[in-house]
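Down below is the structure, laid out as structure tokens.
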Amino acid sequence: MKVSIKKFDVEMEVKNKGIEFDVYSPNGADHLGDCIVTKTGLIWCEGRERRANGVSVTWAQFIAWMNAQR
């Protein structure tokens with residue numbers, strides 16, 4: 001995948017607005033969506049979906065999911 005920072009609204013600590021990553025296919029031609037990392041969790045916005053309509057997970061949910069992948 002090709003991933004780049006879309007919006008960087010942080011100081012040293014991730015704030016409410018978070019950090020937004022653009023996610024593209026490996027060849028960079030297709031925009032797959034945006035991944036937003038906030039202090040409360042993660043938001044996935046597929047394609048051109050707005051942040052308010054994205055899929056949200058808390059850090060606890062994300063950690064549990066990642067640990068279940070082992």
Do [X] and [Y] come close enough that some side-chain heavy atom pair is under 4.5 Å?
X: D22; Y: H31; value: yes
X: I36; Y: L42; value: no
X: Y24; Y: V3; value: no
X: W44; Y: D34; value: no

Distance, nearest 0.5 Å, that separates [atom1] of [X] from [atom2] of [Y]:
X: E20; Y: C45; atom1: CD; atom2: SG; value: 7.0 Å
X: S25; Y: K2; atom1: OG; atom2: NZ; value: 9.0 Å
X: K39; Y: N16; atom1: NZ; atom2: CG; value: 4.5 Å

Worksheet item: Which residue pairs pass the side chain to side chain donor-acceptor pair (under 3.5 Å) test when at least one of the two sits in residues 51-70, sequence neighbours left out?
Response: T58-Q61

Discussion item. Surrounding CD of E49 (heavy atoms of other residues, nucleotides or ligands, distance under 6.0 Å), is the total greater than 12?
Written reply: yes

Worksheet entry | Side chain N27, main chain A29, donor-acceptor under 3.5 Å | yes

Item to complete: Give the minimum heavy-atom separation between T38 and K17, together with the two atoms involved.
Response: CG2-O, 4.2 Å

Fill in: V55 with I19, same ILVMFWY side-chain cluster at under 4.5 Å
no

Worksheet item: Do I43 and M66 belong together in a cluster built from hydrophobic side chains that touch within less than 4.5 Å?
Response: no

